[in-house]
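Down below is the structure, laid out as structure tokens.
Computed from a predicted structure; not experimentally measured.
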Amino acid sequence: MTLKDRILSYFSDSEKNWNVENTYMSMVQRESIDLFKKKGFPSYTDEEWKNTNIHSILNQKDNFFKEKQNLESIIKESLYFKDSFLIIFVNGKYNSFFSHTTSSSNSTSIDNSIIISNIASQKEEMIRNFYGKLSYKYDAFNTLNSIFSKDGVYIHIPDNIFLKKPIEILHISTESEIFFHPRNLIIVGKYSSVKIVEHHRCLKKYLGLINSTSEIYAFYNSKIEFYKIQDDLKEHSMIDNTFFKQKLYSKCSIYTFSLQGKLIRNNLNVYSHGESASSYLYGISLLSENQLIDHHTLVDHLYSNSISFQLYKNILWGKSKGIFNGKIIVNKWIKGINAFQRNNNILLSNEACIYTNPQLEIFSDDVKCSHGCTVGNIHDSDLFYFQSRGIPETKSRALLLFSFLEEILKSINIFKLKNLLLKKMKKKLDIY
């Protein structure tokens, strides 16, 4: 029985339970069930999924209806920061014991109106104006997240708050053959600023699927830096749907670092809902063996005089496969848009491959829009240049690869995170 069949069977067996509660969350779930029953999973005939084979995901065994066990002893060794706000989920379940959502005793207390917690503990009237509001088009995995998600991160930063310490979100999976659905809802008020780092750690190397959805709202003149670290996934796959809605003068910088995972699909959707909004999308992927990374970005300029900047760089070797599909939309009544998109790739083996596809839907004349793509390898002449100055070949390759990535790395504003990522990348590239 396929995954879709099992899901539909579950709907049939539990139909009475879905109709018992007459709440907003239940309504979102029921609408999502109807959509999924009608449209189901994508296939290779779907333009947005034609280069990504999800056959292995749909036919794997799963135990997403089982109770999960916690394994909390490894949490401390998984953390990126010693002094940060911390939200931990173990197998999709919020762990309040290890989470730190207030300042430490040695630092100044934060504003009591700041909420750094989980969705399940919030009253429905707190979230109903934001939860489930940013998914404009049908997507099978986002819809499944709306149906099965039990909990996730809830962050509400009120107006005029500058949060110095980053917020670290850690998801730990202790089970194999698991299918779970973390969900983030993040709201940043006017003139506020926040840095958020999200990462996952899977302890079992066997197949599993993380189906994540994030809805993020940036209000007037707010600033958000969001770092997604996709590492320590072993043989797990990940489908990530992230939606940003930006208001007037807001600035959002989104970084995606994909270093390990069987199949990773990132759907990043940014909706510019106010003039002079700025969106910066960065991505670095280092993949080996049979790993696959699929970046699908959408920047929809719905108001004039906004900026979008996309820069994605991949280093692929072994039989790994990369996909970059970036779309920019500017309608004819929109003016003064400055949109830039670039995808650069280095293939270190003959069997690694990259599909790159810029999609520009520009209907306005008052636009500065450009895109570019490069695919290549390290040039022998560049290696010779370093070696002729006494630098060994291994170190020469490392210098060339990191100079390729430096354009993105230098823009990271959290120094400790940058050093941590450099160590992870050196380990991945077998450079010490």
Within 45° cone of [Y] ring axis and under 6.0 Å: [X] NZ or CZ:
{"X": "R342", "Y": "F324", "value": "no"}
{"X": "K251", "Y": "Y280", "value": "yes"}
{"X": "K424", "Y": "F257", "value": "no"}

Flag yes if more than 12 heavy atoms outside Y249 fall under 6.0 Å of its OH atom; otherwise flag no. no

More than 12 heavy atoms of other residues, nucleotides or ligands under 6.0 Å from NZ of K335: yes or no? no

Would you check if the side chain of [X] reaches a backbone N or O of [Y] as a donor-acceptor pair within less than 3.5 Å?
{"X": "Q291", "Y": "S288", "answer": "yes"}
{"X": "K428", "Y": "L259", "answer": "yes"}
{"X": "S192", "Y": "N160", "answer": "yes"}
{"X": "K262", "Y": "L292", "answer": "no"}
{"X": "N314", "Y": "L286", "answer": "no"}

[X] side chain near [Y] side chain, heavy-atom distance below 4.5 Å:
{"X": "L421", "Y": "I412", "value": "yes"}
{"X": "Y271", "Y": "V299", "value": "no"}
{"X": "V194", "Y": "I161", "value": "no"}
{"X": "I408", "Y": "Y312", "value": "no"}
{"X": "I229", "Y": "V197", "value": "yes"}
{"X": "F219", "Y": "V188", "value": "no"}

Give the minimum heavy-atom separation between [X] and [Y], together with the two atoms involved.
{"X": "D139", "Y": "F141", "value": "OD2-N, 3.1 Å"}
{"X": "H181", "Y": "L144", "value": "ND1-O, 4.0 Å"}
{"X": "G322", "Y": "L316", "value": "N-CD1, 3.6 Å"}
{"X": "K133", "Y": "N129", "value": "CG-O, 3.6 Å"}
{"X": "S364", "Y": "I334", "value": "OG-O, 2.6 Å"}
{"X": "L287", "Y": "S320", "value": "O-OG, 3.3 Å"}

Answer with yes or no whether the side chains of [Y] and [X] bring together a donor and an acceptor at under 3.5 Å.
{"X": "S253", "Y": "E225", "answer": "no"}
{"X": "S272", "Y": "H301", "answer": "no"}
{"X": "N343", "Y": "T356", "answer": "yes"}
{"X": "N344", "Y": "E407", "answer": "no"}
{"X": "N266", "Y": "T256", "answer": "no"}
{"X": "H199", "Y": "E168", "answer": "yes"}
{"X": "N184", "Y": "E215", "answer": "no"}
{"X": "S279", "Y": "Q246", "answer": "yes"}
{"X": "S411", "Y": "Y255", "answer": "yes"}
{"X": "R183", "Y": "S146", "answer": "yes"}
{"X": "H296", "Y": "N267", "answer": "no"}
{"X": "N211", "Y": "N145", "answer": "no"}
{"X": "S113", "Y": "H156", "answer": "no"}

Spatial distance of atom [atom1] ([X]) from atom [atom2] ([Y]) [nearest 0.5 Å]:
{"X": "I88", "Y": "R201", "atom1": "CD1", "atom2": "CZ", "result": "11.5 Å"}
{"X": "L298", "Y": "Q359", "atom1": "CG", "atom2": "CD", "result": "9.5 Å"}
{"X": "D151", "Y": "I119", "atom1": "CG", "atom2": "CD1", "result": "6.5 Å"}
{"X": "I284", "Y": "F404", "atom1": "CD1", "atom2": "CZ", "result": "8.5 Å"}
{"X": "H371", "Y": "N357", "atom1": "NE2", "atom2": "CG", "result": "10.0 Å"}
{"X": "S276", "Y": "N305", "atom1": "OG", "atom2": "CG", "result": "5.5 Å"}

Can we say K190 and D159 salt-bridge, meaning some charged N sits less than 4.0 Å from an Asp/Glu carboxylate O?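 Between D159 and K190 there is no salt bridge, as every charged N stays at least 4.0 Å from the carboxylate O atoms.
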
If you measure from the Lys or Arg side-chain nitrogens to the Asp or Glu carboxylate oxygens, is any gap between D240 and K228 under 4.0 Å?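 Between K228 and D240 there is a salt bridge, with a charged N closer than 4.0 Å to a carboxylate O.
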
Taking the six-membered ring where the residue is Trp, are the ring centres of Y220 and Y191 under 6.0 Å apart? yes

Proximity of F130 and Y217 rings by center, below 6.0 Å: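 That pair passes the under 6.0 Å test.
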
Tell me which one of Y94, Y154, F98, F180 satisfies ring pair (Phe, Tyr, Trp, His ring centres under 6.0 Å) with F89. Y94

H100, K164, K165 screened by side-chain hydrogen bond (donor to acceptor under 3.5 Å, both in side chains) with D83, the one that passes: K165

Determine, stepwise, if the pair I87 / I167 fulfils side-chain contact (heavy atoms from CB on, under 4.5 Å). CA-CA 8 Å; I87 310 174; I167 299 173; 4.3 Å; yes

side-chain contact (heavy atoms from CB on, under 4.5 Å) assessment of H236 paired with S173: CA-CA 10 Å; H236 283 58; S173 171; 3.9 Å; yes

Mind running side-chain contact (heavy atoms from CB on, under 4.5 Å) on S285 and I315 for me, showing each step along the way? CA-CA 6 Å; S285 303; I315 299 176; over 6 Å; no

Evaluate Q310 against T297 for side chain to side chain donor-acceptor pair (under 3.5 Å), listing each step before the verdict. CA-CA 9 Å; Q310 299 182 56; T297 67; 2.6 Å; yes

